[in-house]
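Worksheet: the structure to be examined is printed underneath.
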Amino acid sequence: MSLTRKKSLSVLLAQASDSEKGLKRTLGAGNLIALGIGAIIGAGLFVRTAAASAEAAGPAVTISFIVAAIGCAFAGLCYAEFASMIPIAGSAYAYSYVTMGELVAWIIGWALIMEYALGAATVSIAWSEYLNNLLGGRIPYEWCHSPFESLYKASGDAVNQLVSAVPELSKSVKDGILVLSDKQFESLPANLTSLVTVSHGMVNAPALIILLLLTLLLIRGTQESAIVNMIIVIIKVSIVLLFIVLGWQYINPANHEPYMIPAGTPGHEGVFKHGWGGVLGGAAIVFFAFIGFDAVSTAAQEAKNPKRDMPIGILGSLVVCTILYILFGHVLTGVANYTEFKTAGKEASVAYAISTYMLKYKWLATAVTFAILAGFSSVILVMLMGQSRIFYTMSNDGLIPKAFGELHPKYQTPYKANWILFVFVGLFAAFVPGSVAGDLTSFGTLFAFVLVSAGVWILRVKSPEIPRPFKTPLVPLVPILGMVVCTGMIVALDEQTLTVALVWMLIGLLVYFGYSRKASKLNAGEEA
């Protein structure tokens, strides 16, 4: 049993064209572009822009977006070739199965769980936090946090007593309320702990509810999910455009001078903290705001005309988001000076800029929070959809149990995969802090980018005669650049993330050699 045994491309194409047994083809080019935008524009636009500007690029964060977009474009062009040539659910997993063999395909399929499943869980936790902010904190702490999280809070006279005894706590006081970290609470003298009200999380109910609602929507049908996603995309893009149009008149040209952070600026001594180096440093920060366009490829088997529409969906969503990102960054750094984002605003940087400088449009700050919620919703929707389609394809190949590949008798959606995914993602979202996932989502994404880029090059060499409705230009240069850029991003991830990712991949290998290799349809002598 060779570890490099490959799935036949001819069988894969036949499987993709069998619409009677498979997923329903209901998505057009517009739906696919909307899916891409739905997956890309989340909170990243509203958070990463200010962070990249304050930490590295200054007003030149607009150039950082262009650099990051070029890096994504290398992988996007490779995805577009594969998606038009092999229009089947499964994305990078399916492409790797044909080009690099079953073991590599399994590894990338396992890694994609980090991108989609853990990504959906992490985003749903953030969705819960923003919902509570929008509601003014009305959801009790116990019902919107995991059992591993606690809140230490003091108000009124208790704040004065605590600050008098421990003066450095004054930095943690906001609007007369003192919120302590775990470490601060544990270091308090025993006689002061009674002044602090302690709340312990029980379950993150809002995160669980949004996951359930979106799971039910996905089971109901791909077309229905695409319509809801389109509505959400229209809402959040409209609010982004509103900020750009209304904020344009508040741009102060002085905030854009100098455009790049000058050498010698205090706090920007590092190579990637000023000048062109700062632009590259900013690109590394905003790169993750682009993650998601690859999710379009998981819907290839549900596209009406995949050979034409898949490249349009993948590259079109990337182009639209890049233009919005550049305009957004230009306006945000023009309305408020980039230095303000170091100490003011933080995650609410856009709301801060509006409330401070766009006084006539303070209502827009609330609209931005609503846009972030809408953005999170569509990101979760597309991630759940993408993961269930990868499970569907892996099940058809025999690498995971048959239940993952069973379609609903009426809606023709992988409903059992959706329910299993809801349980897995829901348990994580309800009972585990969002910070645990770290950058694992980014690791899974970048790993997929590397293998897809390599796969295009390999298939060009081994099977040059295969019809390619869309051809990646400048092969092998573009795939090589895609591999280099994305590998560099992986290496730049923090050590803890890489360690957890390694452990996850080792668990995946145990599952493969313990179950999947024997259960594979290729092992059974069948064509998957």
Side-chain angles (χ1 to χ4, degrees), residues 1-24 82-83 85-117 218-219 297-302 384-409 412-424 444 447-448 451-452 455 458-459 463 504-528:
M1 294 189 294
S2 172
L3 295 177
T4 59
R5 58 190 179 188
K6 299 178 180 66
K7 191 172 181 179
S8 166
L9 180 59
S10 59
V11 171
L12 193 64
L13 293 174
Q15 181 181 330
S17 62
D18 188 357
S19 58
E20 293 299 319
K21 296 180 181 178
L23 300 164
K24 292 170 68 176
F82 265 135
M85 184 174 63
I86 311 174
I88 189 167
S91 184
Y93 159 79
Y95 311 151
S96 300
Y97 212 152
V98 172
T99 57
M100 286 172 274
E102 185 173 274
L103 178 59
V104 174
W106 169 264
I107 290 172
I108 193 58
W110 191 255
L112 285 173
I113 296 174
M114 286 191 286
E115 175 180 0
Y116 294 123
L218 285 168
I219 291 172
S297 64
T298 65
Q301 204 166 336
E302 293 157 277
L384 291 177
M385 178 181 175
Q387 184 62 63
S388 64
R389 270 51 179 180
I390 290 170
F391 279 159
Y392 169 78
T393 304
M394 293 176 76
S395 175
N396 284 340
D397 294 337
L399 299 184
I400 57 177
K402 290 182 179 180
F404 288 91
E406 290 185 26
L407 298 181
H408 193 283
Q412 280 188 270
T413 54
Y415 71 113
K416 288 188 177 180
N418 282 127
W419 280 123
I420 295 169
L421 186 59
F422 167 71
V423 172
F424 173 75
F447 193 37
L451 291 185
V452 168
I458 291 171
L459 210 58
S463 304
W504 176 255
M505 300 313 292
L506 290 175
I507 293 172
L509 289 175
L510 290 175
V511 174
Y512 175 74
F513 287 106
Y515 171 82
S516 304
R517 192 180 181 203
K518 299 174 186 176
S520 169
K521 289 186 178 180
L522 293 186
N523 183 54
E526 303 176 44
E527 281 288 17

Does [X] reach the side chain of [Y], with side-chain heavy atoms less than 4.5 Å apart?
X      : Y      : answer
Leu421 : Leu384 : yes
Ser516 : Trp106 : yes
Tyr392 : Leu407 : yes
Leu522 : Asp397 : no
Trp419 : Ile219 : yes

Spacing of [X] atom [atom1] and [Y] atom [atom2] [to the nearest 0.5 Å]:
X      : Y      : atom1 : atom2 : answer
Ser388 : Asn418 : OG    : CG    : 4.5 Å
Leu399 : Glu102 : CG    : CD    : 5.0 Å
Gln387 : Met394 : CD    : CE    : 8.5 Å
Phe391 : Ile113 : CZ    : CD1   : 4.5 Å
Ile420 : Phe404 : CD1   : CZ    : 4.0 Å
Phe82  : Leu459 : CZ    : CG    : 5.5 Å

Of all heavy-atom pairs between [X] and [Y], which one has the smallest distance, and what is that distance?
X      : Y      : result
Ala117 : Phe424 : CB-CE2, 3.8 Å
Pro401 : Ser395 : O-OG, 2.9 Å
Met100 : Ile458 : CG-CD1, 3.6 Å
Ile108 : Ala448 : CD1-CA, 3.3 Å
Thr413 : Leu218 : CG2-O, 3.5 Å
Asn396 : Lys521 : O-NZ, 2.9 Å

Fill in: Donor-acceptor contact below 3.5 Å, side chain Trp110 vs main chain Leu506
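Flag not set: sc Trp110 to bb Leu506 has no pair under 3.5 Å.
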Item to complete: Determine yes or no for a side-chain-to-main-chain donor-acceptor pair under 3.5 angstrom, with Ser520 supplying the side chain and Gly398 the backbone.
Response: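 Side chain of Ser520 to backbone of Gly398: no pair is present.
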